[in-house]
Number of protein chains: 2
Amino acid sequence: MRDEREAPAEPAREQARPRLIGRGPAARARPLLSPTAIGPVNRGRVLQALFDLGPTSRAELARYAGVNRTTISGIVQPLLDQGVLVEGAPLPAAVTGGKPARPLWFSPDAAPICAAMLMPHMAHTALVSLTGEIFAENVCRFDPDPASAGPLIDGLADCLARTLAAAGRPPLGIGVAVGGMVDTDSNTIVAVNLAPVLARYPLGQELGRRFRLPVSIDHHPRAMLLGERWFGIGRGLRTFAAIYTGEVLGCALYLDGHLYRGPGGGGGELGHTFVQLDGELCRCGRRGCWETIATLGWLRREARAAGLPQPDAVTSSRLAELAVAGDTAAARLMDRYARNVAVGIANLHQTMSPEVYVLYGDVVGGGTAMRDAIARHVRELVPPRPGRELTFALGDIEDRATLRGAAGLVLSENLQFAL
Amino acid sequence: MRDEREAPAEPAREQARPRLIGRGPAARARPLLSPTAIGPVNRGRVLQALFDLGPTSRAELARYAGVNRTTISGIVQPLLDQGVLVEGAPLPAAVTGGKPARPLWFSPDAAPICAAMLMPHMAHTALVSLTGEIFAENVCRFDPDPASAGPLIDGLADCLARTLAAAGRPPLGIGVAVGGMVDTDSNTIVAVNLAPVLARYPLGQELGRRFRLPVSIDHHPRAMLLGERWFGIGRGLRTFAAIYTGEVLGCALYLDGHLYRGPGGGGGELGHTFVQLDGELCRCGRRGCWETIATLGWLRREARAAGLPQPDAVTSSRLAELAVAGDTAAARLMDRYARNVAVGIANLHQTMSPEVYVLYGDVVGGGTAMRDAIARHVRELVPPRPGRELTFALGDIEDRATLRGAAGLVLSENLQFAL
DNA sequence: CATGGTATGTGCGAGCCTCGAACATAGCAC
DNA sequence: GTGCTATGTTCGAGGCTCGCACATACCATG
């Protein structure tokens with residue numbers, strides 16, 4: 001345990017340095033800006049703006065970014081020459097006249113991104129174009145309970161190799177969304193439930209060695225969030241959250257224009273926050289975690305208690321069907337489930353107050369009815385704050401969202417120059 | 001209510017723009033960098049580094065920031081000429097020889113910052129030097145339950161005027177820490193408990209008009225956090241949290257090198273997150289908020305139930321005294337209180353995982369015993385994450401921390417060019 | 001069909017800022 | 001005194017954006 005010091009009572013400054021806490025010896029300031037750094041940064045920001053706006057002319061981009069048109073031309077021209085961008089057909093001019101604008105957009109022939117999801121029981125790989133299309137998909141299933149990480153990694157690598165073979169040109173990089181804890185500083189898997197052999201596996205390094213491409217890995221809710229940020233509802237938003245529901249709960253945050261990764265890639269482990277201190281025993285050994293009331297485990301126990309048919313196969317999707325068919329017990333259970341999910345979202349909202357929540361996993365099966373129920377409960381559970389609104393959206397189906405998210409990892413690495 | 005859309009199933013891009021959610025018409029990209037912008041940004045970062053490191057030579061700053069020595073000289077020279085910085089006595093050279101370094105530090109004659117705290121019952125103003133010293137303090141008390149905002153604002157303004165009269169040169173600006181909700185976009189008070197007349201008062205604008213100085217306002221936990229970031233334990237940390245306890249709970253977050261302010265200045269309202277869904281009724285009308293178990297209200301009710309003397313005057317400080325004196329009931333209550341405080345911190349930790357927590361308000365009175373108890377409970381309530389450590393620190397006494405924090409608001413405005 | 005109006009995209013020189021190399025400075029050790 | 005080391009400064013080179021002027025392309029009107 002590190003020493004725990006108190007703020008001094010004496011005038012602060014004399015021995016300023018010894019009082020610093022928690023800084024490694026290699027601590028570095030945020031680097032200063034240099035004229036040469038401007039280029040890549042601005043190129044990244046222009047491309048971000050393109051993602052956020054869709055096909056856009058140079059003049060429009062200049063207005064959006066608040067810079068001179070010539071600046072945009074200078075940034076964009078090399079990208080056109082390299083074939084990253086293409087110039088679309090001239091748009092009809094506005095009624096007021098003027099030279100018609102030529103929108104810029106990503107070339108279908110630009111380098112794609114190789115995306116992968118790695119789950120305990122399967123791997124799924126694909127190429128993702130800069131326009132968000134998914135192609136060259138490959139899937140492989142793993143034996144349950146493998147004795148070592150080898151077979152899983154080999155399976156994933158085979159899948160990746162097949163997918164990469166379909167790429168016309170070398171992709172920008174490989175992004176992997178992992179169904180478990182990931183240390184994003186070291187590109188290493190920390191632990192995967194149901195696949196303990198993957199604990200501490202240096203996945204980034206290993207894939208980089210095999211394929212000679214930059215590799216970005218992260219855990220899967222964060223990847224989904226980035227998929228949304230680059231290709232989905234998150235485009236142009238400054239602050240939003242992704243919530244994954246199902247057997248477990250997951251969460252990721254986009255705050256103030258940046259994916260939030262806590263120290264060592266922590267943060268977002270909302271499933272084990274307390275919502276009922278003396279509640280049910282959780283898998284983590286504590287009582288009353290959000291996971292004890294907002295996962296499929298809870299739902300199925302309650303479905304059995306309510307006498308629903310096939311309680312162990314109940315999902316939000318099934319509940320919604322039953323409710324539509326007039327099963328009032330199912331409708332009641334669905335509402336209670338929605339409220340339980342809403343509790344965790346409400347707590348998150350009080351803590352960080354993002355503007356938009358994107359829901360993934362099981363609750364997506366419940367459709368708009370489920371989404372609206374969750375939204376209603378969250379609004380009821382959060383003290384009103386005048387002028388602030390809340391938006392709830394249903395995310396893509398799981399694999400699609402995750403693959404796009406894995407691609408988003410690579411994009412973020414390439415475009416979001418930290419500064 | 002805003003419409004709530006789903007991610008489309010078709011290839012994403014064609015009608016990209018209509019799908020954007022939650023963007024005002026004036027949405028702007030992060031601005032591009034320009035050569036002229038580099039100057040102020042780098043100056044700000046060098047000054048930040050000075051705050052973080054204490055008195056430091058040009059060469060050391062250059063190493064820390066990873067830039068050429070000449071660059072630092074170029075940035076620092078104008079600041080020396082203006083009298084913001086001064087060159088200290090040459091430090092003895094290292095054993096290995098070399099020209100002795102001349103550390104740079106803030107001049108005692110540099111422009112100070114005018115800091116204020118505005119609470120329902122009082123105002124407290126002071127000048128804060130760039131070295132963190134507090135002087136020219138003034139205090140005024142308000143009548144309870146005033147009929148209008150006028151007298152409160154006049155009282156604050158009088159206080160400010162007296163403090164400003166003591167300043168040798170015009171201060172950098174006025175920072176105000178407000179004991180209530182603040183909209184930092186509009187520099188307006190949203191609401192203050194116990195002083196409803198201040199609701200929606202445009203404090204920033206009014207003080208700017210009266211004193212012709214830049215004004216920054218924010219709610220007081222966030223100010224305290226910034227005080228720590230610039231003058232205290234937070235120097236050089238990338239991610240930490242401030243937790244205020246007492247009659248109410250407050251919280252502020254410094255994430256990845258930035259103060260977190262949610263949309264419209266929201267976020268950090270941890271007091272009304274649920275920790276016991278069927279718990280006590282909270283002032284907010286909901287049940288089981290953290291505030292129902294981790295404030296002085298709870299503590300005093302329990303003190304009465306435990307038969308402690310003068311239960312309505314119990315504080316952490318008093319509890320600690322009793323416990324030291326051998327009162328086991330007090331010791332037990334103190335531990336329960338510490339655990340209740342720890343619950344909210346544990347939830348925050350799961351959500352954002354900051355490295356360091358600085359505690360303010362009532363629990364500071366409980367001293368290291370209280371801090372250690374809270375630390376122990378948090379560590380017990382959070383699933384372990386290998387390699388991550390948690391640090392707990394006691395903050396300054398309240399007014400001091402808050403005034404420095406108010407000064408920190410102005411510094412952040414001046415130095416932390418958003419970018 | 002010619003003309004004026006409007007908006008887009010492109011050269012060109014100016015200005016800002018950092019960088020590297022070379023140099024002056026100031027202490028230590030022998 | 002001589003060599004060594006590290007700090008701080010001088011100066012020219014290079015990267016990037018900006019404003020201005022200009023070519024281009026379409027509309028509306030008479």
Side-chain angles (χ1 to χ4, degrees), chain A residues 29-46 49 53 55-81 85-105 417 419, chain B residues 29-46 49 53 55-81 85-105 417 419:
Chain A
R30 207 162 317 182
L32 298 192
L33 267 39
S34 81
T36 37
I38 290 183
V41 169
N42 281 358
R43 183 167 58 242
R45 294 198 178 166
V46 168
L53 297 174
T56 309
S57 71
R58 298 168 178 80
E60 174 83 18
L61 282 170
R63 276 191 298 270
Y64 182 72
V67 297
N68 199 293
R69 288 201 304 276
T70 55
T71 304
I72 299 293
S73 286
I75 292 172
V76 152
Q77 196 53 56
L79 295 169
L80 287 162
D81 296 342
L85 301 179
V86 287
E87 212 166 33
L91 286 169
V95 279
T96 149
K99 174 174 171 177
R102 260 161 301 184
L104 305 175
W105 190 231
F417 298 93
L419 275 196
Chain B
R30 206 163 320 183
L32 298 193
L33 267 40
S34 79
T36 38
I38 290 183
V41 170
N42 281 358
R43 183 168 56 242
R45 293 198 179 168
V46 167
L53 298 173
T56 309
S57 72
R58 297 168 178 80
E60 174 82 17
L61 282 170
R63 277 191 297 270
Y64 181 73
V67 297
N68 199 294
R69 287 201 304 276
T70 55
T71 304
I72 299 293
S73 287
I75 291 171
V76 150
Q77 197 53 56
L79 294 169
L80 287 163
D81 295 343
L85 301 180
V86 286
E87 213 167 34
L91 286 168
V95 279
T96 147
K99 174 174 169 175
R102 260 161 303 185
L104 304 175
W105 190 232
F417 298 92
L419 279 193

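Below, read A as the first sequence line, B as the second, and so on, with proteins coming before strands; counting in each chain starts at 1.
The separation between B:I75 atom CD1 and C:dC19 atom P is 9 Å, rounded to whole Å. For the pair A:I72 CD1 and D:dT17 P, the interatomic distance rounds to 9 Å; values are reported in whole Å. In this structure, B:L80 places its CG atom 12 Å from C1' of D:dG8, rounding to the nearest Å. The CG-P distance, from B:L61 to D:dA6, rounds to 18 Å in whole Å. One interatomic measurement links the two molecules: CG of B:L33 to C1' of C:dC17, which rounds to 12 Å at whole-angstrom precision. Atom CD in B:E60 sits roughly 19 Å away from atom P in D:dT5 (whole-Å rounding).
Between B:R58 and D:dT9 there is a side-chain N or O to OP1 or OP2 distance below 4.0 Å. Within the 4.0 Å cut-off from OP1 or OP2 of C:dT18, at least one side-chain nitrogen or oxygen of B:N42 is found. A:N68 has a side-chain polar atom (N or O) that falls below the 4.0 Å cut-off from OP1 or OP2 of D:dG19. Note on B:S73: every side-chain N or O is 4.0 Å or more away from OP1 and OP2 of D:dG8.
Among C:dG9, D:dT7, D:dT17, the nucleotide with an atom closest to any side-chain atom of A:K99 is C:dG9. Set against C:dT8, C:dC16, D:dC20, the side chain of A:T70 has D:dC20 as its closest nucleotide. The side chain of B:A59 lies closest to D:dT7, out of C:dG9, D:dG14, D:dT7. For B:R63, taking side-chain heavy atoms from C-beta onward, the closest of the listed nucleotides C:dT18, D:dT7, C:dG9 is D:dT7.
As judged by a 4.0 angstrom heavy-atom cut-off over every strand, B:Q77 is placed among residues touching the sugar-phosphate backbone only.
Side-chain atoms of B:L53 and B:Y64, non-hydrogen and from C-beta on, do get closer than 4.5 Å to each other. Residues B:P90 and B:R102 meet the side-chain proximity criterion, which asks for heavy atoms closer than 4.5 Å. A 4.5 Å side-chain heavy-atom check between B:P35 and A:I38 finds at least one atom pair inside the cut-off.
Summary of the strand contacts: A:R69 and A:I38 both lie near DNA chain D, and taking for each the nucleotide with the nearest heavy atom, the more 5' one is attributed to A:I38. Two residues, A:T71 and A:R102, neighbour DNA chain D, and the one matched to the more 5' nucleotide by heavy-atom proximity is A:T71. Both B:V67 and A:S57 lie close to DNA chain C; mapped to their nearest nucleotides by heavy-atom distance, the more 5′-ward contact belongs to A:S57.
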Inset, instruction - Would you check, one step at a time, whether the test side-chain contact (heavy atoms from CB on, under 4.5 Å) holds for B:I75 with A:L32? - result: CA-CA 11 Å; B:I75 291 171; A:L32 298 192; 4.1 Å; yes
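Smallest separation of non-hydrogen atoms from B:L80 and B:E87: CD2-N, 3.9 Å.
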